[in-house]
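What follows is a single structure, and I will ask about it in a moment.
In what follows, chains carry the letters A, B, and so on, assigned in the order in which the sequence lines appear, proteins first and then strands, with residues in each chain numbered from 1.
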Amino acid sequence: MKLPLTYYRGENVIKIAKDLIGKRLVTHFNKQLTSGVVVETEAYSFVEKGCHAYKGMTPRNAPMFEPGGISYVYLCYGIHHLFNIVTNGKHRADAVLIRALQPLEGEKHMMKRMQTQTIKRLTSGPGKLTRALGITLAANAMSLRSAQLWLEDGLWSGDIEAKTRIGIDYAGEDALLPWRFMAKDNGWISK
DNA sequence: TACGTGATCACG
DNA sequence: GTGATCACGTAA
């Protein structure tokens, strides 16, 4: 079952980021179905300095200010596309960064996109999983209940660890918030 | 640890 | 227009 809009429009992005662990992320671009279990996420909220929306709306972060249930994809370091799930209500610009997946379906397509012969660490990082699943800027601001991109309930359950977020030293004391969530003892975590 | 890579945004 | 910056990944 695709996750309902009400799921994404919840007000607590931290709770949603934690709950997304174990859900299934699916893409269906160019008739290639690929999916994975979400095993690592990070929460970002407009109230703190780590978030792109902290200083207000710009052309890039505009999707974050829409009601939850759409994607926010942007190019990082000129190379990597990063995929976020927009949550909360209109003008309450929260989002969850998907940092790692455990591959589930379409590994062949993923390996081809990654130009590798091995499944090892195929989707273990925010820049890698977008490439493996074919997520580009064309998927920015797209509905998360579309025919090409969606999330489903998972059957997974297990322990979840919380740690500080990666790569946001510029956020000062907000970099210390324990808003990164990981499936405990899962081999598909980033780095 | 070092650096490629190019869009983005705050300046004038 | 310009320049500093960046929610990464790989190699060394």
Side-chain angles (χ1 to χ4, degrees), chain A residues 8 12-18 20-21 23 25 36 38-66 68 70-88 92-103 110-142 144 149 151 160-183 186-191:
Chain A
Y8 298 108
N12 188 340
V13 68
I14 302 160
K15 187 175 146 208
I16 296 172
K18 187 172 178 184
L20 279 166
I21 302 292
K23 298 290 190 282
L25 173 63
V38 177
V39 296
E40 182 175 350
T41 63
E42 282 178 358
Y44 288 90
S45 176
F46 65 99
V47 299
E48 48 88 18
K49 294 197 277 294
C51 183
H52 285 177
Y54 178 68
K55 289 187 244 175
M57 186 160 59
T58 67
R60 180 179 67 161
N61 68 22
M64 291 186 72
F65 289 79
E66 295 296 314
I70 65 172
S71 64
Y72 166 44
V73 182
Y74 70 96
L75 187 63
C76 183
Y77 296 106
I79 308 170
H80 311 287
H81 297 280
L82 268 58
F83 172 71
N84 294 261
I85 290 166
V86 175
T87 69
N88 212 333
R92 309 204 44 95
D94 294 348
V96 178
L97 171 69
I98 304 300
R99 285 193 59 87
L101 301 176
Q102 177 169 341
M110 297 192 208
M111 287 189 281
K112 177 144 193 202
R113 286 168 175 153
M114 297 298 280
Q115 299 188 308
T116 177
Q117 318 260 355
T118 172
I119 196 173
K120 201 176 165 211
R121 318 217 23 91
L122 195 57
T123 49
S124 299
K128 294 167 73 176
L129 71 91
T130 53
R131 187 173 159 203
L133 268 63
I135 297 172
T136 66
L137 288 179
N140 188 29
M142 183 178 280
L144 296 177
L149 175 64
L151 283 107
I160 295 174
E161 279 185 290
K163 292 273 171 56
T164 55
R165 295 171 294 176
I166 302 288
I168 55 162
D169 292 344
Y170 60 86
E173 74 270 17
D174 288 337
L176 301 175
L177 296 168
W179 286 7
R180 175 164 61 115
F181 300 98
M182 290 166 289
N186 184 286
W188 296 91
I189 299 302
S190 68
K191 256 172 199 157

Seminar exercise, completed: A:Ile79 has its side chain closest, among B:dG4, C:dC6, B:dA7, to B:dG4
Exercise. Choosing from B:dG4, B:dC9, C:dA7, which nucleotide comes nearest the side chain of A:Arg60?
Worked result: B:dC9
Seminar exercise, completed: Taking B:dA7, C:dA7, B:dC9 as options, the one with an atom nearest any side-chain atom of A:Asn84 is C:dA7
For this session: May I ask you to test the A:Trp179-A:Ile168 pair for a side-chain heavy-atom distance under 4.5 Å?
Result: no
Exercise. Just wondering, do A:Tyr8 and A:Ile16 contact through their side chains at under 4.5 Å, heavy atoms?
Worked result: no
Exercise. What nucleotide among C:dA7, B:dC9, C:dG9 has an atom nearest to a side-chain atom of A:Pro126?
Worked result: C:dG9
Problem set entry | Base paired to B:dT5 (Watson-Crick or G-U; both N/O distances under 3.5 angstrom) | none
Problem set entry | A:Lys128, nearest nucleotide to its side chain (from B:dG4, C:dG9, C:dA7) | C:dG9
Exercise. Counting just side-chain N and O atoms, does A:Arg99 come under 4.0 Å of either OP1 or OP2 of C:dC8?
Worked result: yes
Exercise. How many Å lie between CD on A:Gln115 and P on C:dG9, as a whole number?
Worked result: 16 Å
Seminar exercise, completed: The reported gap from OG in A:Ser71 to CD1 in A:Ile98 (rounded to nearest 0.5 angstrom) is 11.5 Å
Problem set entry | Upstream residue (5' side of DNA chain B) when A:Asn61 and A:Gly78 are each assigned their closest nucleotide | A:Gly78
Exercise. To the nearest Å, how far apart are A:Tyr54 OH and B:dA10 P?
Worked result: 14 Å
Exercise. OP1, OP2 of C:dA7 versus side-chain N and O of A:Tyr72: anything below 4.0 Å?
Worked result: no
Seminar exercise, completed: Between NE2 of A:His81 and P of C:dA7 the distance, given in whole Å, is 15 Å
Exercise. For the pair made of CG in A:Leu82 and C1' in C:dA7, what is the distance, rounded to whole Å?
Worked result: 6 Å
Exercise. What about A:His52: does its side chain form a donor-acceptor pair under 3.5 Å with the base of C:dA7?
Worked result: yes
Exercise. Among A:Arg165, A:Arg99, A:Lys18, whose salt bridge (charged side-chain N to carboxylate O under 4.0 Å, His left out) with A:Glu42 holds?
Worked result: A:Arg99
For this session: Select from A:Arg131 and A:Ile166 the residue whose nearest nucleotide in DNA chain C is closer to the 5' end of that strand.
Result: A:Ile166
Exercise. Minimum heavy-atom separation for A:Ala93 to A:Cys51, with atom names?
Worked result: O-SG, 3.9 Å
Exercise. In the strands shown, is B:dG12 matched to any nucleotide by a Watson-Crick or G-U wobble pair with both distances under 3.5 Å, and which?
Worked result: none
Problem set entry | 5'-most by nearest nucleotide on DNA chain B - A:Tyr77 or A:Leu137 | A:Tyr77
Exercise. How long is the line joining CG of A:Leu122 and C1' of C:dG9, in whole Å?
Worked result: 14 Å
For this session: Let me know the distance between CE of A:Met57 and C1' of B:dA10, rounded to the nearest Å.
Result: 17 Å
For this session: Using whole Å, report how far CD1 of A:Ile85 lies from C1' of C:dA7.
Result: 14 Å
For this session: Counting Watson-Crick and G-U wobble pairs only, both distances under 3.5 Å, name the nucleotide matched with C:dA7, or none.
Result: none
Seminar exercise, completed: Which of A:Tyr44, A:Phe65, A:Tyr74 passes ring pair (Phe, Tyr, Trp, His ring centres under 6.0 Å) with A:His52? Answer is A:Tyr74
For this session: Grab the CZ-C1' distance between A:Phe181 and C:dA7 for me, whole Å please.
Result: 15 Å
